[in-house]
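Below is one structure; the comments refer to it alone.
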Amino acid sequence: EFRCLCSNLYTPRETRYPEGIKWKFLEHKGPVFAPPYEPLPENVKFYYDGKVMKLSTKAEEVATFFAKMLDHEYTTKEIFRKNFFKDWRKEMTSEEKSTITNLSKCDFTHMSQYFKAQSEARKQMSKEEKQKIKEENERLLKEYGYCVMDNHKERIANFKIEPPGLFRGRGNHPKMGMLKRRIMPEDIIINCSKDSKIPSPPPGHKWKEVRHDNKVTWLVSWTENIQGSIKYIMLNPSSRIKGEKDWQKYETARRLKKCVDKIRNQYREDWKSKEMKVRQRAVALYFIDKLALRAGNEKEEGETADTVGCCSLRVEHIKLHPELDGQEYVVEFDFLGKDSIRYYNKVPVEKRVFKNLQLFMENKQPEDDLFDRLNTSILNKHLQDLMEGLTAKVFRTYNASITLQQQLKELTNPDDNIPAKILSYNRANRAVAILCNHQRAPPKTFEKSMMNLQSKIDAKKEQLADARRELKSAKADAKVRRDEKSKKTVESKKKAVQRIEEQLMKLEVQATDREENKQIALGTSKLNYLDPRISVAWCKKWGIPIEKIYNKTQREKFAWAIDMAEEDYEF
DNA sequence: CTTCTGACTTAGCACTTTAAGC
DNA sequence: GCTTAAAGTGCTAAGTCAGAAG
């Protein structure tokens with residue numbers, strides 16, 4: 001039974017709604033719009049072909065978007081510049097359009113400098129001024145940041161509408177640099193219950209639509225102009241509706257645990273099937289299970305960056321090595337996955353898988369689909385038959401969570417102190433992040449901060465050596481004198497050595513942890529793949545305060561798990 | 001079957017705040 | 001107290017997947 005945590009009181013969850021109904025009552029204040037454009041002061045100039053040019057307000061606004069990004073690599077990319085210029089020209093007056101014909105002749109540097117000075121000034125603001133801004137933000141949050149869903153006041157995740165700007169896709173995105181237009185009340189669909197106080201649009205405006213659909217969880221939606229997709233305002237992860245769904249997700253993964261052996265035997269059998277379609281499905285599922293690959297939906301060419309998942313892998317994304325570095329039947333994967341993050345891995349596979357892959361690749365061009373008889377829809381329909389609620393992504397959740405549980409068992413040393421146990425936890429977390437290929441760009445200051453830490457360690461080592469010498473001489477002294485005072489000195493010197501040893505160890509642990517974390521992002525798996533009850537149970541078992549593992553936001557999101565899990569919880 | 005649409009989860013990066021170390 | 005690194009938060013892009021439409 002799911003219970004939600006509300007005002008520090010545990011309340012049993014309301015009786016479950018009929019299929020598909022998400023709420024009975026929903027009331028909110030609507031979205032907060034982006035602040036209107038403030039034209040630049042007269043003294044901030046834009047230059048075209050070396051000459052000052054005063055831009056119309058609309059053209060100027062779009063120009064400032066580009067000026068603000070001038071330091072970013074994006075603005076040097078040809079596609080970005082081309083897309084930007086095309087969209088910018090649409091905002092220009094006909095006069096501007098006829099004058100400004102070449103982006104390379106545009107000089108935004110003065111505008112850029114102005115914005116840099118502005119942000120510098122913001123940093124230099126007095127305490128009072130900063131406090132005022134903070135209070136204003138809090139007021140906004142208080143008024144618009146919450147809604148009432150059924151009997152609960154709930155925090156809204158993103159109550160602010162995305163401001164206009166230049167689209168920044170990830171990776172090699174064909175639409176980078178396009179203008180993301182300003183969202184107006186007339187674009188907005190409000191969703192709330194009929195008997196609620198319906199939010200009013202800003203004066204002089206009206207909503208596109210007000211609807212009362214309790215089969216969905218969103219409060220506000222609009223259609224963005226880059227991909228034509230719908231954006232939503234929804235509730236915070238701490239909300240009942242999100243927490244319950246999250247809990248369900250892990251329960252589905254736990255059901256997979258019960259039948260995963262059977263499913264594995266099944267797909268191994270299917271490697272031998274007479275039907276090509278079945279063989280492809282079985283090999284793809286093996287990759288999804290073994291390597292935690294994503295399903296891989298088809299994507300429209302030219303609309304997004306060229307990235308793939310399992311079902312959309314192409315022949316060019318794998319290389320087959322009958323033998324590599326002393327291992328047999330090695331598959332070398334090299335492709336761009338979600339967010340254009342590279343997946344690179346050399347994996348020894350079973351002979352049957354290898355032979356099947358050779359078969360799938362026969363007579364194909366590099367750009368042909370590896371699994372030409374398979375897509376995510378076929379795969380998920382098959383999975384649905386194997387277990388209710390089973391889809392490709394459940395394997396990622398399952399394998400991530402079971403890996404954490406196993407790794408925690410393996411790595412936790414009962415004799416370790418708390419920092420060392422936490423290091424073990426982070427290592428277990430890291431094993432999952434590696435499995436799921438959660439990468440990050442190494443922090444810009446990484447090298448420098450690593451050197452700083454190393455010099456701290458060196459200094460600490462010297463300090464330890466000194467302390468040990470002092471202890472030694474104190475001991476010798478005590479041996480000669482045999483009085484209380486020198487005995488006490490020995491004791492205090494001993495303690496000093498111990499303290500420094502602990503400090504040194506802490507620093508060394510920190511260095512190891514940081515080095516191992518250089519290119520790996522732990523947050524994503526922690527937030528989305530690891531059953532929080534595993535972590536809660538581990539904390540309870542070893543007496544680790546939960547705050548050491550989850551920060552405030554995470555504790556709010558996982559309140560249900562913190563409440564539910566005992567130290568003997570098994571995923 | 002294929003394509004499209006809608007709703008929802010998952011993702012890394014940029015920015016802000018806090019904490020640690022001098 | 002000031003500086004710097006780490007932690008935390010906000011933002012919004014980019015996936016998954018189901019169901020409707022064609």
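Here the structure is a predicted model, which means the values were calculated and not measured. Note on naming: letters A, B, ... go to the chains in the order of the sequence lines (proteins, then strands), and numbering restarts at 1 for each one.
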Could you list the donor-acceptor pairs under 3.5 angstrom formed by side chains in residues 216-223 of chain A, with sequence neighbours left out?
none

Identify whether any heavy atom of [X] sits under 4.0 Å from a base atom; if not, whether one sits that close to sugar-phosphate; answer base, sugar-phosphate or nothing.
X        : value
A/Lys134 : nothing
A/Thr307 : sugar-phosphate
A/Pro237 : nothing
A/Ala392 : sugar-phosphate
A/Gly296 : sugar-phosphate

Do nucleotides 2-12 of chain B as a string where each nucleotide becomes B, S or -: B if the base has a protein heavy atom under 4.0 Å, S if just the sugar-phosphate does, - if no protein is that close. ----SBBSBSB

Among [options], the nucleotide that comes nearest once only the side chain of [X] is considered:
X        : options                : result
A/Glu162 : C/dA18, C/dC17, C/dA13 : C/dA13
A/Gln227 : B/dA14, C/dA14, C/dT16 : C/dA14
A/Asn380 : C/dG10, C/dA18, C/dA14 : C/dA18

With A/Arg314, the salt bridge (Lys or Arg N to Asp or Glu O under 4.0 Å) member among A/Asp369, A/Asp306, A/Asp334: A/Asp306

Of A/Val394 and A/Thr553, the one whose closest DNA chain C nucleotide lies more 5':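 The residue closer to the strand's 5' end, by nearest nucleotide, is A/Thr553.
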
Pick the closest DNA chain C nucleotide for A/Gly337 and for A/Ile161 by heavy atoms, then say which residue is nearer the 5' end.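 This one resolves to A/Ile161.
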
Could you tell me how the ring of A/Tyr550 sits relative to the ring of A/Phe558: parallel (under 30°), tilted (30 to 60°) or perpendicular (over 60°)?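 Because their plane-to-plane angle lies in the 30° to 60° range, the rings of A/Tyr550 and A/Phe558 count as tilted.
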
Let me know the distance between CD1 of A/Ile156 and P of C/dC11, rounded to the nearest Å. 13 Å

Rounded to the nearest 0.5 Å, what separates atom CG in A/Leu383 from atom CD1 in A/Ile378? 12.0 Å

Does any pair with a residue in residues 376-402 of chain A pass ring-ring contact (aromatic ring centres under 6.0 Å, His included), and if so which ones, sequence neighbours excluded? none

Do A/Ser229 and A/Glu224 have side-chain atoms, one donor and one acceptor, less than 3.5 Å apart?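 Distance-only check passes for A/Ser229 and A/Glu224.
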
